[in-house]
Amino acid sequence: MACRQRNDQAETLANPALRQLFLDYDHAHDLDADDPRIDGLARRITKATRERYGPDELPEQDAASETPALIQGTVNASSPAWQRLDTLIRAQLDA
């Protein structure tokens with residue numbers, strides 16, 4: 001699985017549009033949590049995720065492991081904008 005994940009990450013970074021989403025996500029770190037650009041970025045990330053995985057095959061976290069949620073919580077704690085972005089993305093993917 002680790003090899004598959006590395007290949008998936010390499011393919012993602014090789015795609016200019018997806019690479020730009022990563023950069024835009026990174027730049028959002030210092031935005032105010034209420035910045036309207038966060039809404040647009042969340043929509044773009046949600047759309048790219050659905051296009052990449054399909055509407056019924058969205059990536060899931062391993063429910064048996066608390067590690068992914070712990071990591072995401074730590075990342076989000078470093079930026080209120082990232083926390084809001086994560087909340088928006090999750091809500092949009094669940095809709």
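Model, not experiment: these values are computed from the prediction.
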**Asked** Looking at CD1 of Ile89 and CZ of Arg84, how far apart are the two atoms once the value is rounded to the nearest 0.5 Å?
**Response** 11.0 Å

**Request:** Measure across Arg37 and Leu31 and return the closest heavy-atom pair with its distance rounded to 0.1 Å.
**Result:** NH2-CD2, 3.0 Å

**Message:** I'd like to check the side-chain contact (heavy atoms from CB on, under 4.5 Å) partners of Asp32; sequence neighbours left out, ordered by chain and number.
**Reply:** Asp34

**Asked** Is there a side-chain contact between Ile45 and Phe22, using heavy atoms and a 4.5 Å cut-off?
**Response** no

**Message:** Can you confirm whether Arg50 sits close enough to Leu93 that some side-chain heavy atom of one is under 4.5 Å from a side-chain heavy atom of the other?
**Reply:** yes

**Item:** pair Leu41-Ile38: side-chain heavy atoms closer than 4.5 Å
**Value:** no

**Request:** Answer yes or no: is there a side-chain heavy-atom contact under 4.5 Å between Gln92 and Thr87?
**Result:** no

**Fill in**
Scanning both residues in full, the closest heavy-atom pair of Leu88 with Ala42 reads CB-CB, 3.7 Å

**Asked** Between Trp82 and Tyr25, what is the shortest heavy-atom contact and its length?
**Response** NE1-O, 2.7 Å

**Prompt:** When rounded to the nearest 0.5 angstrom, what distance separates CZ in Arg52 from CG in Asn15?
**Reply:** 7.5 Å

**Asked** Which residues pass the salt bridge (charged side-chain N to carboxylate O under 4.0 Å, His left out) test with Arg19, sequence neighbours left out?
**Response** none

**Asked** Taking 4.0 angstrom as the limit, do Asp94 and Arg90 come out as a salt bridge?
**Response** no

**Fill in**
Ala81 and Ala28 have their tightest heavy-atom pair at CB-O, 3.2 Å

**Request:** Name all residues meeting the salt bridge (charged side-chain N to carboxylate O under 4.0 Å, His left out) criterion together with Arg44; count only those two or more places apart in sequence or in a different chain, and write none if there are none.
**Result:** Asp24

